[in-house]
S.K.: 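To start, I am sharing the structure in question, which I have written as structure tokens.
Quantities reported herein were computed from a predicted structural model and do not represent experimental measurements. Within every chain, numbering begins at 1; the chains are lettered A, B, ... in the order of the sequence lines, protein sequences first and strands thereafter.
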Protein chains: 2
Amino acid sequence: MSEPVSIHMVAARAGCSIATVSRVINGTAQTSAEVRERVEEAVSALAYRPSEIGRSLKTRKTRTIGIVVPSFTNPVFASSIAGVEEVARAHSRTVLLTATEYHGEREEEIVETLLAKQVEGLVLTVADADNSRALDRLDAAKVPYVLLYNQPARADRYAVSVDNIAGARELVGQLIALGHKRIAFVAGRFRTSDRSLLRYQGCVEAMDEAGLPKPEVLEVDYAGDQPEEPDVLATKLRGLNAPTALFCSNDLLALAVIAASRSIGMKVPGDVSVAGFDGISIGTMIEPSLASIAQPTRAMGTEAMEILHALCQAAPVEPGVRLLQHQFRPGGSIAAAPVESKGGT
Amino acid sequence: MSEPVSIHMVAARAGCSIATVSRVINGTAQTSAEVRERVEEAVSALAYRPSEIGRSLKTRKTRTIGIVVPSFTNPVFASSIAGVEEVARAHSRTVLLTATEYHGEREEEIVETLLAKQVEGLVLTVADADNSRALDRLDAAKVPYVLLYNQPARADRYAVSVDNIAGARELVGQLIALGHKRIAFVAGRFRTSDRSLLRYQGCVEAMDEAGLPKPEVLEVDYAGDQPEEPDVLATKLRGLNAPTALFCSNDLLALAVIAASRSIGMKVPGDVSVAGFDGISIGTMIEPSLASIAQPTRAMGTEAMEILHALCQAAPVEPGVRLLQHQFRPGGSIAAAPVESKGGT
DNA sequence: ATCGATTATGAAAACGTTTTCAAGCAGACT
DNA sequence: AGTCTGCTTGAAAACGTTTTCATAATCGAT
């Protein structure tokens, strides 16, 4: 903070010009062994580290990328961020982190800030990938970016995701195979998550295919990352038309739904089956374990960052959505549907 | 990436000097309404955003802070990061994020990188706050930092934590009150977490006080954030001397321990009580709910960032460790100790 | 010995800002 | 009319780098 050691001091101590110091440090040109040694001595004696700021200004490269996600506390995002960061570091890039807290309207402002910081590219998860002023801004600025968890319709955008529709279909297919006919979709934030909508769509398709009516939908409010109060949620659950299975748009929500069900005396999976989406690791440790669609979250982060890295150095990359493999994760939270009481409630 | 619009272009379009543009943008001096209007027109027409790089170079302020934590995927760190980021944004600072992945030896290199990026300060959780070359480096560079979750002995360092010893004592006290006499401490990473060690110490003190022998210790290996394979863990648990309660050094570990116990037919809490430390929110949603010591993780993040912000602008702040209030969170995972079979195994 | 070719080095420009300094200019006062 | 004050503006320096260009020095070859 108070003793900034610049290249000039190193040059002074080594008795040469700053140009030579720069050459020694970056190995960008031949230098005599003698002067090289003096420079190296000075560098370590002064604990000199070239300022990335000065360097960036000249080279117009910051080696910094930005991340924009709805939240850190959702394990899905946390672990993909970890993946991004790992790859970023491997390519000696650093990561500027921001969260929208699920406020889609903040996206644009956040992107603006990141742009001012001269990030070379971004990895982001937006509310609606096909209608985002933030993305338009990035396109205009010609700053490369890779979407994560979004599945944009536009083919010119880069994205890494799983096939949300197929995943949801698969999961709901399992429920149907277990004999469930009245399946409700418990939706987190339809409005701020196109993923949620796609999963709903997959659910509808699976039920359609099986000749079942559209699922009932229960929309849940959130406070930050946590679903609303357990008793409010419980009340809402009670208001449903006696579904035998609940498909929740994500695992965190499923956990809350299980807890709420329990609180109103509904046994899981005895009275009602509950499934989620994401495959967070905690789901396997609880009892009953949570049936879900597992996404390779960390790998999605690393993949996104690899693409972004390529883009940053203007390497040719095929645009479009990379769909990584999802996997049905069975769990004790779902079971065969209870036998239907004839014409009952 | 390819059309960088600089202050010069704005000046050219507005027909004035770059100095005037700067003044209009920052409002740092009076300008005539006429020229101000022209500048504003140019700014919005060109979608100009001052480069933070250029600005930082001149002002020697980057308005960027660094975060160093062991991992993002541990909810404890994730939520305090969220707190840090929130406050940082409120003070219009951005956050550079890095994880050590629990490799203490990486800390120094990471700090070095962050320093080169000219961060104005750091929030970090280190392996051992009293013996850290990374912190020494920061002291030498006179860059302010605030520790999070660490409780350094040195009184000149800033830190935000809970009282780990007191928390552990309190929790173990509860176990003892429930009649437990053989309590084992399940330790995650003694070597890379001084928190773990403090919690152990608290456990020992509580047992000492009650005239009980030192707790048996089970040390667990990790792969990244997840404890070792469930069956390995289960085997290790079986090797213990029939404790009636397991105090785990953190909640994630406790969850794994519960799952492992279940896998070898030990009922929780019927056969063995299990408690954790941290109070992660998922702990309240599972069955049985997890008894733990809740830390105000997000508040710890905001507090740390507030202190750092003050430090960054050279405001006087009392050094030392801020201990935030922890709270015993009761849970169904602990229950009265089974009655002791006379002189049994 | 002289010449061209090669190598090591330094001076200076450039990157995009902020800020100091001086100057221009209007109006107000003597 | 002349001076002073106050307000607005521009030129230029500075921040810490990298890089271009030129120069000095070394060397082998004629």
S.K.: Could you please name the option among C:dT9, C:dT17, D:dT18 that lies closest to any side-chain atom of A:Thr20?
M.R.: C:dT9
S.K.: Round to the nearest Å and state the distance from B:Leu57 atom CG to C:dT19 atom P.
M.R.: 13 Å
S.K.: Using atom NZ of B:Lys58 as one end and atom P of D:dC15 as the other, report the distance to the nearest whole Å.
M.R.: 7 Å
S.K.: State whether A:Arg13 and A:Glu41 are salt-bridged, where the test is any N-O pair (Lys NZ or Arg NE/NH1/NH2 against Asp/Glu carboxylate O) under 4.0 Å.
M.R.: yes
S.K.: Under a plain distance cut-off of 3.5 Å, with no hydrogens placed, do B:Lys117 and A:Ser51 share a side-chain donor-acceptor pair?
M.R.: no
S.K.: OP1, OP2 of D:dT8 versus side-chain N and O of B:Gln30: anything below 4.0 Å?
M.R.: yes
S.K.: Rounded to the Å, how far apart are B:Glu34 CD and D:dC7 P?
M.R.: 18 Å
S.K.: Just how far, in rounded Å, is P of D:dT8 from CZ of B:Arg38?
M.R.: 14 Å
S.K.: Please identify which of these residues, A:Leu148, A:Val69, A:Val111, meets the side-chain contact (heavy atoms from CB on, under 4.5 Å) condition with A:Leu124.
M.R.: A:Val111
S.K.: Nearest whole Å is fine: how far is D:dC15 P from A:Ile7 CD1?
M.R.: 14 Å
S.K.: Look at the side-chain N and O atoms of A:Ser17 and state whether any lies under 4.0 Å from the OP1 or OP2 oxygen of C:dG10.
M.R.: yes
S.K.: Looking for any heavy atom pair under 4.0 Å, which part of the strands does A:Arg36 touch: base, sugar-phosphate only, or nothing?
M.R.: nothing
S.K.: Does the pair A:Glu34/A:Arg38 count as a salt bridge with the N-to-O cut at 4.0 Å?
M.R.: yes
S.K.: Between atom CD1 in B:Ile53 and atom P in C:dG16, what is the gap in whole Å?
M.R.: 11 Å
S.K.: Give every residue pair that meets the side chain to side chain donor-acceptor pair (under 3.5 Å) criterion with at least one member in residues 21-30 of chain B, sequence neighbours excluded.
M.R.: B:Ser22-B:Asn26, B:Asn26-B:Arg55
S.K.: Would you say a side-chain N or O of B:Arg60 is under 4.0 Å from OP1 or OP2 of D:dG16?
M.R.: yes
S.K.: Tell me whether the side-chain N/O atoms of B:Thr28 come closer than 4.0 Å to OP1 or OP2 in C:dT18.
M.R.: no
S.K.: I'd like to know if B:Asp139 pairs up with B:Arg157 as an ion pair, taking the criterion as any Lys NZ or Arg NE/NH1/NH2 lying under 4.0 Å from an Asp or Glu carboxylate oxygen.
M.R.: yes
S.K.: Indicate for each nucleotide in nucleotides 20-28 of chain D, in 5' to 3' sequence, whether protein heavy atoms under 4.0 Å reach the base (B), only the sugar-phosphate (S), or nothing (-).
M.R.: B--------
S.K.: Write down the distance between CD (B:Glu52) and C1' (D:dC15), rounded to a whole number of angstrom.
M.R.: 15 Å
S.K.: Test B:Glu120 against every option in B:Arg93, B:Lys142, B:Arg60 by the salt bridge (Lys or Arg N to Asp or Glu O under 4.0 Å) rule and name the one that passes.
M.R.: B:Arg93
S.K.: Is it true that A:Glu101 and B:Arg298 have a side-chain N and a carboxylate O under 4.0 angstrom from each other?
M.R.: yes
S.K.: So if I take every side-chain heavy atom of B:Ile18 and compare against D:dT8, C:dG10, C:dT18, which nucleotide ends up nearest?
M.R.: C:dT18
S.K.: Measure the distance from NE2 on B:His8 to C1' on D:dG10 and round it to the nearest whole Å.
M.R.: 12 Å
S.K.: Identify whether any heavy atom of A:Ser22 sits under 4.0 Å from a base atom; if not, whether one sits that close to sugar-phosphate; answer base, sugar-phosphate or nothing.
M.R.: base
S.K.: Give a yes/no answer on whether the side chain of A:Arg55 brings an N or O atom under 4.0 Å of OP1 or OP2 in D:dG16.
M.R.: no
S.K.: Between A:Ser56 and C:dC15, does any side-chain N or O lie under 4.0 Å from OP1 or OP2?
M.R.: no
